[in-house]
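In what follows, chains are A, B, ... by sequence order, proteins preceding strands, each numbered from 1. The structure displayed is predicted, hence computed values, not measured ones. Heavy atoms only: backbone and side chains are in, while hydrogens, waters and symmetry mates are out.
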Protein chains: 2
Amino acid sequence: MNAIATRPLVLDPDGAADPCARCGVRASSVCDAIPTSDLARLSAAAVTGHAAPGSSFIDEGEPATAFFNITGGTAKLYKLLPDGRRQIVGFVGVGHFLGLAVSDTYAFTAEAMEPVKYCRFSRASLRRLLDDFPAMEKKLLAVASNELVAAQEQMLLLGRKTARERVASFLMAQARLGVACMAPRSHFTLPMTRGDIADYLGLTIETISRTLTKLRTEGLIEIPGATDIVVKNRLAMERIADASE
Amino acid sequence: MNAIATRPLVLDPDGAADPCARCGVRASSVCDAIPTSDLARLSAAAVTGHAAPGSSFIDEGEPATAFFNITGGTAKLYKLLPDGRRQIVGFVGVGHFLGLAVSDTYAFTAEAMEPVKYCRFSRASLRRLLDDFPAMEKKLLAVASNELVAAQEQMLLLGRKTARERVASFLMAQARLGVACMAPRSHFTLPMTRGDIADYLGLTIETISRTLTKLRTEGLIEIPGATDIVVKNRLAMERIADASE
DNA sequence: CGGTCACTTGATCGTCTTCAATACCAGTGG
DNA sequence: CCACTGGTATTGAAGACGATCAAGTGACCG
C-alpha cells in the first residue's frame with residue numbers, strides 16, 4: 001500500500017558528497033565503467049537535472065555543450081523540417097546516454113514523455129573522465145556501435161518496409177523492450193501516442209490506427225485499451241515484421 | 001564473399017616490416033591515432049585484401065569476425081529483406097572503418113563498386129590495439145558518433161522527405177563529398193547507378209530518373225552524361241533539400 | 001550486327017495521405 | 001449527475017505521390 005513507508009531507507013555514510021555511489025541506474029549505464037573507488041570523480045563531473053513531460057532538455061541545432069545520462073523517465077528524440085514534418089529517431093529510457101555527436105550542435109531534440117531525470121556532463125568534464133577511464137570510452141564505443149546498427153535497421157524499415165511491416169516491427173520491438181532473455185512479452189503498454197508512433201515509423205496517425213485495427217480484426221493482436229497491446233500470434237507477427245513470407 | 005586477403009608482408013616484396021608506415025590513407029583514417037613509432041604494431045595486426053567490383057567482402061548475417069579499414073576504392077553497404085527488397089545504408093570510400101558492430105553477426109553487406117583494397121583486423125587484434133592505444137578508441141568513438149548523426153539525418157530523409165527533396169538532398173551531399181571547406185562542387189560524378197541511388201533513398205529507379213529529369217527541365221541542374229551532374233542553381237537545390245520553402 | 005545493360009519515358013495502378021466526421025475518455029465546473 | 005471541453009483515437013471517402021508495368025532509346029561489346 002505505502003511503498004515509501006515500508007521500504008528501508010539506505011543512507012550512504014559519505015552523505016551527499018558522492019551521489020553516484022547510490023545511483024540505482026549506474027549498473028545499467030556507461031557509468032559502471034568507473035570503478036567504485038573512483039565514484040567521487042564521477043559525482044564531481046555530473047550535474048543532475050530534470051525535465052517535465054512535454055518539455056525538451058536538448059534542442060536540435062543548439063550548441064552542443066553537454067552530454068546527458070538518463071537516470072529516470074523516458075524521452076523521445078526527434079528532428080524537424082522547417083514546415084513541421086517530424087521524424088522521431090528514437091525513444092530513450094533509463095541508462096541511455098545522449099548527445100554523443102562530436103559536431104558543434106545537437107542533431108536532434110530530446111523531449112520528456114514521462115518526467116525525466118538526468119545527469120549532465122560538460123564536454124570538458126566528460127573528456128577528462130574519458131581520458132582517465134578508458135573503460136568508459138570502450139563502453140561508449142560499444143553503445144554507439146549498437147545504436148548505429150539499430151539506426152541502420154530503422155533505415156531499412158523506413159526505406160523499404162510497408163506500413164503493415166513497419167507497425168508489426170515496431171510492436172515486436174516494443175514487446176522485446178527491457179526483456180533481457182529471449183521471450184518477448186505478449187502483453188505490454190505503449191508509452192507513446194499514435195502521433196509519436198507515426199512520426200517514428202514515417203507514417204500518419206490514421207495509417208497507424210487503421211493498421212492496428214486490421215491486425216486486431218485478423219486476430220493477431222488485441223487492443224484492450226488504446227495504449228495496451230496483447231500479441232495473440234507472435235510467430236505471425238514476427239513473420240510480418242521480418243517480411244519473411 | 002569472394003574477396004582475397006593476404007598478409008601485408010607478402011604484398012610487400014621489399015621486405016619492410018611495417019607497410020603501414022607507407023600507407024597513403026593513414027592520415028585520413030583511424031590509423032593516424034597510432035604514433036609513428038608504433039606502426040609496426042599496426043602492421044602486425046592488419047591483413048590486407050581486396051575485392052573486385054560486384055563482389056562482397058562483408059556479408060550481412062555472417063559471423064562478425066573482423067573489422068575493415070578501406071584503403072582503396074568505394075563500396076556500398078546494404079541490408080536485404082527476404083524477398084529481395086534492398087536498403088543501401090551507406091556508400092563508403094578510402095579511410096572508412098567498417099564492422100564496428102559489437103553484435104556477433106554483420107548488420108549489412110559490403111559490396112565493392114570500384115575495386116576495393118582494405119586492411120583487415122581480427123576482433124582480438126583490434127581489441128589489443130585499442131587496449132594499447134586509447135587514442136584509437138577515441139578516434140573510433142568520434143567516427144561512430146558522426147555516423148550516428150548521419151544515420152539520423154537519413155532517417156529524416158527516408159521517413160519524411162518527398163522524392164524531390166530526397167534526390168536534391170542526395171545530390172547536394174554528393175556535391176559536398178570530399179570537400180573539406182565550405183563550397184560544394186558544382187560539377188561532380190555519381191559513382192553509383194540509378195538503382196543504387198534508388199535503394200539508398202527508398203525510391204525506385206524510375207522515380208530517380210523522372211525526378212532528375214524534372215530538376216533538369218527546371219534548369220536547376222544539368223546532366224551531361226548519366227553519371228555527370230552539374231548544379232546550376234545551388235541555392236534553390238539547397239532549399240529543396242532542406243525543405244525550407 | 002545482335003546482345004546486354006542502364007537509363008528514360010509513358011500509362012496505369014495501389015498504398016498511403018489528406019480531409020473530414022465521429023467516437024472516446026478524462027477532467028472540470030455547472 | 002450531467003453537460004462542456006480538449007486531446008486522442010477511429011473510421012470513411014477522396015486524392016496524390018510514387019510504384020509498377022511496359023515500351024523505347026542509346027552505349028558498349030563480343
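Distance B:Arg216 CZ to C:dT8 C1': 9 Å, rounded to the nearest Å. Taking atom CD1 of B:Ile197 as the reference point, atom C1' of C:dC7 lies 11 Å away to the nearest angstrom. C:dC16 atom P lies 12 Å from atom CG of A:Leu157, rounded to whole Å. Atom-to-atom, CZ of A:Arg160 to C1' of D:dA19 comes out at 10 Å; the value is rounded to the nearest Å. If you take CE of A:Met192 and C1' of D:dA9, they are 16 Å apart, rounded to a whole angstrom. Spacing between atom CG of A:Asp228 and atom P of C:dC25 amounts to 13 Å, rounded to whole angstrom units. Taking atom CD1 of A:Ile223 as the reference point, atom P of C:dC25 lies 14 Å away to the nearest angstrom. What separates CZ of B:Arg166 from C1' of D:dG18 is a distance of 9 Å, to the nearest Å.
Rounded to the nearest 0.5 angstrom, B:Leu220 CG and B:Leu212 CG are separated by 11.5 Å.
Of the residues in residues 198-206 of chain A, A:Gly202, A:Leu203, A:Thr204, A:Glu206 come within less than 4.0 Å of DNA chain C through at least one heavy atom, sorted by number.
Among pairs with a residue in residues 83-111 of chain A, those fulfilling salt bridge (Lys or Arg N to Asp or Glu O under 4.0 Å) read A:Lys76-A:Glu111, A:Asp83-A:Arg85, A:Arg85-B:Glu165, A:Arg86-A:Asp196, A:Arg86-A:Asp199, at least two apart in sequence or across chains.
Comparing atom distances between the B:Thr213 side chain and each of C:dC7, D:dG18, C:dT9 picks out C:dT9 as nearest. Distances were taken from every side-chain heavy atom of B:Arg210 (C-beta onward) to each of C:dA11, C:dC7, D:dT11; the shortest belongs to C:dA11. Considering only the side chain of A:Thr162, C:dC16 comes nearest among C:dC16, D:dA9, C:dC7.
Looking only at atom types and distance, the side chain of B:Asp228 has a donor-acceptor partner in the side chain of B:Thr189 under 3.5 Å away.
Between C:dT15 and A:Thr207, no contact under 4.0 Å exists linking OP1 or OP2 to a side-chain N or O.
Contact record, B:Thr105 with B:Gly61: CG2-O, 3.4 Å, taken as the closest heavy-atom pair.
Annotation: A:His187, atom NE2; neighbour count of heavy atoms from other residues, nucleotides and ligands within 6.0 Å is above 12.
Ring planes of B:Tyr118 and B:Phe57: parallel class, angle under 30° (limits at 30 and 60°).
DNA chain D is contacted by both A:Leu212 and B:Ile208; A:Leu212 maps to the nucleotide lying nearer its 5′ end (nearest heavy atom per residue).
Listed for the A:Thr211 side chain is a donor-acceptor partner under 3.5 Å among the backbone atoms of A:Thr207.
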